[in-house]
**Student:** 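Got a structure here, written out as C-alpha cells. Questions coming.
Chain identifiers are assigned alphabetically (A, B, ...) following the order of the sequence lines, protein sequences preceding nucleic acid strands; residue numbering begins at 1 within each chain. Please read all numbers here as calculations on a predicted model, not as lab measurements.
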Amino acid sequence: MTALLSVRDLAVDLPLGRWFGGGARALNILAGVTMDLQPGRTLGLVGESGSGKTTLARAILGLQPVSGGTLRFDGAELRRSADFRAIRRRTALMFQDATASLSPRMTVGEAVTEPFVIHGIRIASRRGKAAELLAEVGLPAEMAARYPHELSGGQARRVGVARALALKPSLVIADEPTAGLDVSVQAEILNLMADLKDRHGLSYLVITHNLALVRHVADRIAVLYLGRLVETGPTRAIFAGPGHPYTRSLIAAEPKPDPRQRRTDLAIRGEIPGILRRPPGCEFHTRCPVARDICRSAAPALHDLGPGHSVRCHFPETTSKGG
Amino acid sequence: MSEPVLSVENLSLRYRVAGGAVAALRNVSLSVRQGEVLGIAGESGCGKSSLAAAMIDLAGANAEVTAGAIRLRGQDILRLDQAARRRLRGREIAMVFQDPMTAFNPVLTVGAQLVDFQFNLDGVPGREKRARARDMLARVGLSDPDLVMGRYPHELSGGMRQRAAIAAALLMRPAVLIADEPTTALDVTMEAQIIHLLRELRAQYGCAIVIVTHHLGVIAELCDRVAVMYAGEVVEEAPVDELFHDPRHPYTRALIACDPARIGKATGRLPAIGGRLPDLSDPPPGCAFAARCGIATDRCRTVPPPRVAPGADRGVLCHEAAP
Ligand SMILES: Nc1ncnc2c1ncn2[C@@H]1O[C@H](COP(=O)(O)OP(=O)(O)OP(=O)(O)O)[C@@H](O)[C@H]1O
Ligand SMILES: Nc1ncnc2c1ncn2[C@@H]1O[C@H](COP(=O)(O)OP(=O)(O)OP(=O)(O)O)[C@@H](O)[C@H]1O
Ligand code: SF4
Ligand SMILES: [Mg+2]
Ligand SMILES: [Mg+2]
C-alpha cells in the first residue's frame, strides 16, 4: 500500500544570525526524520516540548522551508509551492493554540465556514453550514455569534475541530487536539475523530504530550527527542516494551490518578540539553540512566526491535513483551 | 488550622454578551491556606478560568461581579481602589494564564519582560534581575536560558512559552500563585519537573497555590484539597485522598471514571459523560447536572440541591449525597 504521507530524512535548519549577531551558523531543528502514515491510520507523534513536533507539521504543509530530505503525499513528491498548495487543500491543521489561532475579529460562525471561502467553494447557507459543523462538535448553533475571546479554552478547541473538518480532508494534522479539555470532552472529540476516520477513511497525524491519549488512539507512535526520531513502532509494542530510555522515562513519569501513589523523585536528573548545546554522541545521554562511555561520543544507529519497531540507542531494552 | 490567605465568598460573576448575560460563576465559595495547594477541576467551560481570573482581579472587561467577596488576608480586594488592586497583583498574587501567549507582550523579548516582571523587587539592580531571570528559566527546565531571553514570545515552542510564563510568575515570589493549566503543553517528564518545582516553592516560601487542571494525575500528585466545578458552581470540595477514593457527587464520579489513564484496554473509543453543560445564560432551576445524572429524581430537576457536608472539610452540592 502506498503511504498517504511519507517523510524521508527530513531536515530543518533555522538561521541563527538574528539572535547572535550574524555569521552563517544555523540551528539544526530536525534531522533524519523518516516516517510513514498509511491511509486510514493514526500516527501519534510524541516528544519533549521544543523537540520540533510543530516544526515537522509545518514542514509537511510547506509552511516551513526544509533543508534536506523528501516529502511525499499520496505517492507524489512535494517540491514546488504548487505541490504544497495541493496537499494543503486535502489536509487540515488543528492548531496547538486554539484561541490564538482563531481570528479575534471573526465570529465563530465565520471562522468555521472560512475554509469554504478560502478555497472558493460555494455553500448554500453559511449560517446553516456553521450550525451543522458546530453541532458535529457538540456546540449549540447560538455559539456562531460569539467571538473567540468569549469562549472557554475547550469551546475554542471544538471550534478548531469544526473548522478543520469543514472540507472533509483526507489528512488531519492535529497539534495537541485535546490539550486543555476535560477528560469527558476530550473523549467526545477523540470519538468524533475516530468516527470520521471510520466514515471517511481519514488519516491522522496526532501530535501530543498525552500518553494516555496516544495509547488509545494511535496505531503507531513516533517519539521525537531534540529533533531526532528516537523510537517508532506499533503503539502496543511500544507500550508493552519501550526500547528507548527516553520512551521508558515518558511512560514511567506519567502521574497516576491516585494520591496514594505519589512519587517524591520527580526532578529531572542530569542536564537538560538544548538545540544550542546539542550533546555529542547520543543526544539523550545527559539524562539517560543507562548511558555508558560510547553514548557520550558516538551517535547510535537505528536498531530493529521487532516488525516495524525501531530504536535509536546503543543499549536498547530488548525485553519486548511482544505486540 | 491556619487562616486562609485567599478566600472567595459567595462569588457570582457574569459576562455581558450580545443579547444577554452568561452566569459564569454562581455563588462560589473557596479558600486556600498558607502552604496549601488547592486543585480546581471540572468540565471545559464550567468557569475555572473565570474563577482564577477573578481571584487576581483580572476578569475581562465584559465581566461583572454581581455578588460576593474575594478576601486576601481578610481584606476584600473588590472594595479596594484600582491602584491598590494593581499593587496586590504581582506583589501578593501572581497568575500563570491558560494561554501563555497572553502573559507576554509580543513586541518585547522574553528576557526584557522577565526583568520587568520583577518590578516589585525595589532596589535590586537590573543586572541581578537578569541573572535571576536566567536562573529561573533554567529551573523550569529551559536549557538555553540565554537563547530564550533573547527571543520574542512567538519564537518559542508552545511548551517553552508556557515554562517562560511559569518562570515569570515564580520570579515575583507571590504569597498566592494561581496557575491555570500550567502543564498542558509539556511532556510528562517536564510536567514532573514543574510539579517538583511547585512543591519546592511551597516548602521554601510557604506559598499558597491554586492550580486549575484537567489532568487528574497532576491533582493526585500535587494537591492537598480539590474543588470540582460544574456549570459555574463548586459541586464538590474534599481533601485529595477522599476525592479520589470516596467521591460523592455524581459528576465527580463520572469525571474520575472517564479518565483515560484508568482505562486499561485501548479500543479506539473512550467513555464520555454524554449530554452537555446547560446553557449558562439560562441555568436550569434545579441541579445543573440533573439532565446528565444517572440517579436524578424529579426533585433534582426542580429544586436546587443543598450543600451537604459528608465529613470534615468536605462539601457536596447534591440532593442524593446525604451521608
Ligand atoms: N518562529 C521561530 N523562530 C525561531 N525558532 C523557532 C520558531 N519556531 C520554533 N522555533 C524553535 O524550534 C524548536 C522546535 O519548536 P517546535 O515548536 O517545533 O517544538 P514542539 O515540539 O512543537 O514543542 P511544543 O511541544 O512545546 O509545542 C524550538 O527550539 C523553538 O524554539
Ligand atoms: N469574556 C467572556 N465573555 C463571554 N463569555 C465568556 C467570557 N469568558 C468566558 N466566557 C464563558 O463563561 C463560561 C466559563 O468560561 P471559563 O473560561 O471560565 O471556563 P473554564 O472552566 O476555564 O473552561 P476550560 O476548561 O475550557 O478552559 C463559558 O461558558 C465561556 O463561554
Ligand atoms: S442533585 Fe440530583 S441530579 Fe444533581 S447530581 Fe445529585 S443526584 Fe444527580
Ligand atoms: Mg508544538
Ligand atoms: Mg479555562
**Student:** Are any side-chain N or O atoms of Glu221(B) and backbone N or O atoms of Arg263(A), one a donor and one an acceptor, separated by less than 3.5 Å?
**Tutor:**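 Answer holds: yes.
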**Student:** For the side chain of Asp182(A) and the backbone of Ala41(B), is there at least one donor-acceptor N/O pair under 3.5 Å apart?
**Tutor:** no
**Student:** Let me confirm one number: the SG-CD distance from Cys258(B) to Gln186(A), rounded to the nearest 0.5 Å.
**Tutor:** 10.0 Å
**Student:** Given heavy-atom pairs under 4.5 angstrom as the criterion, report whether the side chain, backbone, both or neither of Tyr147(A) touches chain B.
**Tutor:** neither
**Student:** Measure the spacing between OH of Tyr15(B) and NE2 of His149(A) and express it to the nearest 0.5 Å.
**Tutor:**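 Here the rounded value is 10.0 Å.
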**Student:** Just by modelled atom types, is the Thr184(B) backbone N or O under 3.5 Å from a matching donor or acceptor in the His209(A) side chain?
**Tutor:** no
**Student:** Quick check for you: among Glu200(B), Met190(B), Lys265(B), which has the greatest number of heavy-atom pairs under 4.5 Å with chain A?
**Tutor:**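 Max contact count across the listed options: Met190(B).
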**Student:** Would you mind checking which part of Asp195(A) comes under 4.5 Å of any heavy atom in chain B, side chain (CB onward), backbone (N, CA, C, O), both or neither?
**Tutor:** both
**Student:** Distance check, rounded to the nearest 0.5 Å: Asp279(B) atom CG versus Met143(A) atom CE?
**Tutor:** 8.0 Å
**Student:** Quick one: what part of Ala145(A) sits under 4.5 Å from any heavy atom of chain B, side chain, backbone, both or neither?
**Tutor:**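 Interface part for Ala145(A): neither.
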**Student:** Counting heavy-atom pairs closer than 4.5 Å to chain A, which one of Glu191(B), Lys48(B), His215(B) comes out on top?
**Tutor:**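 Highest number of pairs under 4.5 Å: His215(B).
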**Student:** Just wondering, do Arg146(A) and Val22(B) contact through their side chains at under 4.5 Å, heavy atoms?
**Tutor:** yes
**Student:** Which atom names give the shortest non-hydrogen contact between Val185(A) and Glu43(B), and what distance separates them?
**Tutor:** CG2-OE2, 4.0 Å
**Student:** Just wondering, are more than 12 heavy atoms of other shown residues or ligands nearer than 6.0 Å to CZ in Arg14(B)?
**Tutor:** no
**Student:** Need one label for Ile219(B): side chain, backbone, both or neither, based on atoms under 4.5 Å from any heavy atom in chain A.
**Tutor:** backbone
**Student:** For chain A, which candidate among Leu186(B), Val240(B), Val17(B) shows the most heavy-atom pairs at distances under 4.5 Å?
**Tutor:** Leu186(B)
**Student:** Can you tell me how far the OG atom of Ser157(B) sits from the NZ atom of Lys53(A), to the nearest 0.5 Å?
**Tutor:** 6.5 Å
**Student:** Do Leu213(A) and Pro260(B) have side chains that get closer than 4.5 Å, going by heavy atoms?
**Tutor:**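 With C-beta onward as the side chain, the pair stays apart.
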**Student:** Where does Ile256(B) contact chain A at under 4.5 Å (heavy atoms): side chain, backbone, both or neither?
**Tutor:**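 Contact with chain A involves no heavy atom of Ile256(B) at all.
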**Student:** With distance as the sole test, does Arg260(A) use its side chain to make a donor-acceptor pair with the main-chain N or O of Asp241(B) at under 3.5 Å?
**Tutor:** no
**Student:** State, to 0.1 Å, how close Ala272(B) and Ala187(A) come at their nearest heavy-atom pair, and which atoms those are.
**Tutor:**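 Smallest heavy-atom distance, with atoms named: CB-CB, 4.0 Å.
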**Student:** Would you find a donor on one side and an acceptor on the other, under 3.5 Å apart, between the side chain of Ser184(A) and the backbone of Ile273(B)?
**Tutor:**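 The answer is yes, because a donor-acceptor pair under 3.5 Å joins these two groups.
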**Student:** Tell me, out of Glu181(B), Met160(B), Gln193(B), Arg262(B), who's got the most heavy-atom pairs with chain A below 4.5 Å.
**Tutor:** Gln193(B)
**Student:** After noting the C-alpha distance and the side-chain angles of Arg287(A) and Thr189(B), does the key distance pass the side-chain hydrogen bond (donor to acceptor under 3.5 Å, both in side chains) rule?
**Tutor:** CA-CA 11 Å; Arg287(A) 289 172 55 188; Thr189(B) 65; 3.1 Å; yes
**Student:** For Asp258(A) and His245(B), work out which heavy atoms get closest and say how close.
**Tutor:** OD1-NE2, 2.7 Å
**Student:** Indicate the atoms forming the closest heavy-atom contact of Arg269(B) with Asp198(A), along with that distance.
**Tutor:** NH2-OD2, 3.0 Å
**Student:** Using a 6.0 Å cut-off, check whether atom CZ of Arg127(A) has over 12 heavy atoms from anything other than its own residue.
**Tutor:** no
**Student:** If you count heavy-atom pairs within less than 4.5 Å of chain A, which of Leu222(B), Val212(B), Val218(B) leads?
**Tutor:**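 Going by pairs under 4.5 Å, I would pick Leu222(B).
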**Student:** Is it the backbone or the side chain of Ala18(B) that comes under 4.5 Å from a heavy atom of chain A, or both, or neither?
**Tutor:** neither
**Student:** Do Arg199(B) and Thr264(A) meet the criterion of a side-chain donor-acceptor pair at a distance under 3.5 Å?
**Tutor:** no
**Student:** When rounded to the nearest 0.5 angstrom, what is the spacing between CG in Asp187(B) and OG in Ser249(A)?
**Tutor:**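 Asp187(B) CG to Ser249(A) OG: 8.0 Å, rounded to 0.5 Å.
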**Student:** So, taking the atom named OG in Ser143(B) and the one named CG in Leu226(A), what distance separates them when rounded to the nearest 0.5 Å?
**Tutor:** 7.5 Å
**Student:** Check the surroundings of atom CZ in Arg41(A): do more than 12 heavy atoms from other residues, nucleotides or ligands lie under 6.0 Å from it?
**Tutor:**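 Counting neighbours around CZ of Arg41(A), 12 or fewer heavy atoms of other residues, nucleotides or ligands fall under 6.0 Å, so no.
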**Student:** For a quick test of reading the model, state the closest non-hydrogen atom pair linking Glu254(A) to Val188(B) and the distance between them.
**Tutor:** OE1-CG1, 2.9 Å
**Student:** Evaluate the side-chain proximity of His214(B) to Val183(A): yes if any heavy-atom separation is below 4.5 Å, no if none is.
**Tutor:**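 With C-beta onward as the side chain, the pair stays apart.
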